[in-house]
Amino acid sequence: MRSQRKCDLVAGAFIALLGAVVILAASQIRGDVEERLPPRTLPFVVGFMTLAGGLGLAVKSYRFRGEDPQIDWPEKDGWVRIGVNLLLLALFTALMDPLGMPITTALYVSGAIWYMDRKRIFAALLTGAGSAVVVYYLFIKLLGLNFPLGPLGQ
């Protein structure tokens with residue numbers, strides 16, 4: 001029998017393990033001393049946040065007392081949504097070098113939001129554009145991280 005508590009416990013442990021792997025991989029990244037922000041900073045932050053979130057979910061589900069809710073597994077539509085989102089993520093990864101991080105982020109965020117709620121195309125486009133601006137100014141300009149810029153870097 002599958003229940004929400006068991007799934008949250010397993011998912012939390014898996015997410016925490018993933019965070020630990022990211023931290024371990026980030027510790028192998030080397031950078032120059034004269035850089036403002038070492039290249040491993042962002043992966044370290046993401047790894048620690050992932051580890052903390054996974055541990056939090058696992059502990060919360062382990063300590064849960066009460067009736068264990070049953071899980072309704074996704075029907076065909078749910079599996080299609082999961083597949084489309086994985087495809088969008090793969091496209092995001094594949095297009096990052098040729099198009100650059102800001103443009104790819106705008107396309108990914110707009111496409112994912114539009115796919116989830118097709119009535120809000122304007123909101124999807126606006127959110128995608130806002131995400132691209134945040135990525136460009138926060139990560140590339142302010143933090144000085146070396147993400148691909150694609151056509152914006154020429």
Side-chain angles (χ1 to χ4, degrees), residues 4 7-62 71 73-154:
Q4 185 70 43
C7 287
D8 283 350
L9 187 61
V10 170
F14 178 75
I15 292 169
L17 178 65
L18 181 66
V21 169
V22 169
I23 292 168
L24 183 64
S27 68
Q28 304 301 314
I29 298 172
R30 300 288 172 231
D32 294 335
V33 176
E34 59 269 355
E35 290 185 62
R36 287 191 307 178
L37 194 61
R40 65 175 161 232
T41 303
L42 184 62
F44 262 132
V45 170
V46 170
F48 279 112
M49 290 174 62
T50 304
L51 177 68
L55 288 175
L57 178 61
V59 168
K60 179 184 173 200
S61 62
Y62 179 76
I71 294 178
W73 289 99
E75 305 265 332
K76 182 181 178 188
D77 291 343
W79 288 110
V80 169
R81 274 184 185 233
I82 291 169
V84 167
N85 279 298
L86 287 174
L87 176 67
L88 287 172
L89 192 58
L91 285 171
F92 173 77
T93 306
L95 294 174
M96 191 179 305
D97 277 338
L99 294 181
M101 181 78 161
I103 294 172
T104 310
T105 299
L107 292 173
Y108 172 74
V109 170
S110 297
I113 291 173
W114 173 79
Y115 181 73
M116 292 296 178
D117 187 5
R118 296 186 184 187
K119 297 177 201 143
R120 299 181 180 241
I121 185 70
F122 183 71
L125 292 172
L126 196 61
T127 306
S131 299
V133 168
V134 167
V135 162
Y136 182 74
Y137 283 105
L138 178 65
F139 294 119
I140 296 170
K141 289 295 185 186
L142 182 66
L143 295 176
L145 298 176
N146 292 324
F147 286 118
L149 288 174
L152 296 176
Q154 298 174 355

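Residue numbers count from 1 along this sequence.
Rounded to the nearest 0.5 Å, atoms CG (Leu126) and CD1 (Ile121) are 11.5 Å apart. For the atom pair CG (Asp77) and CD1 (Ile82), the distance works out to 11.5 Å, reported to the nearest 0.5 Å. Rounded to the nearest 0.5 Å, atoms CG (Asp8) and NZ (Lys60) are 7.5 Å apart. The structure places CG of Leu91 at 11.0 Å from CG of Leu86, a figure rounded to the nearest 0.5 Å. The CG atom of Leu107 sits 10.0 Å away from atom CG of Leu125, with the distance rounded to the nearest 0.5 Å. With values rounded to the nearest 0.5 angstrom, Leu55 atom CG is found 10.5 Å from Leu17 atom CG.
Looking at Ser131 and Val134, their side chains never come closer than 4.5 Å, going by heavy atoms from C-beta outward. The closest side-chain heavy-atom distance from Val22 to Phe44 is not below 4.5 Å. Residues Phe92 and Met101 are in side-chain contact: their nearest non-hydrogen atoms beyond the backbone lie under 4.5 Å apart. The closest side-chain heavy-atom distance from Tyr108 to Leu89 is below 4.5 Å. Residues Phe147 and Thr104 fail the side-chain proximity criterion, which asks for heavy atoms closer than 4.5 Å. Side-chain contact between Met116 and Asn85 is present, with heavy atoms from C-beta onward closer than 4.5 Å. Looking only at side-chain heavy atoms (C-beta outward), Ile140 and Pro102 come within less than 4.5 Å of each other.
Within 6.0 Å of OH in Tyr115 there are more than 12 heavy atoms belonging to other residues, nucleotides or ligands.
Residues Ala129 and Ala106 share a closest heavy-atom pair of N-CB, 4.5 Å. A pairwise comparison of heavy atoms in Ala58 and Ser61 identifies O-OG, 3.0 Å as the closest pair. Nearest approach of Leu51 to Ala20, heavy atoms of both residues: CD1-N, 4.3 Å.
Distance alone, capped at 3.5 Å, places no donor-acceptor pair between the Thr127 side chain and the Ala124 backbone.
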* To do: Give the intermediate values and the outcome of side-chain contact (heavy atoms from CB on, under 4.5 Å) for residues Lys141 and Tyr136.
  => CA-CA 6 Å; Lys141 289 295 185 186; Tyr136 182 74; 2.9 Å; yes

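With sequence neighbours excluded, no residue forms a side chain to side chain donor-acceptor pair (under 3.5 Å) with Arg81.
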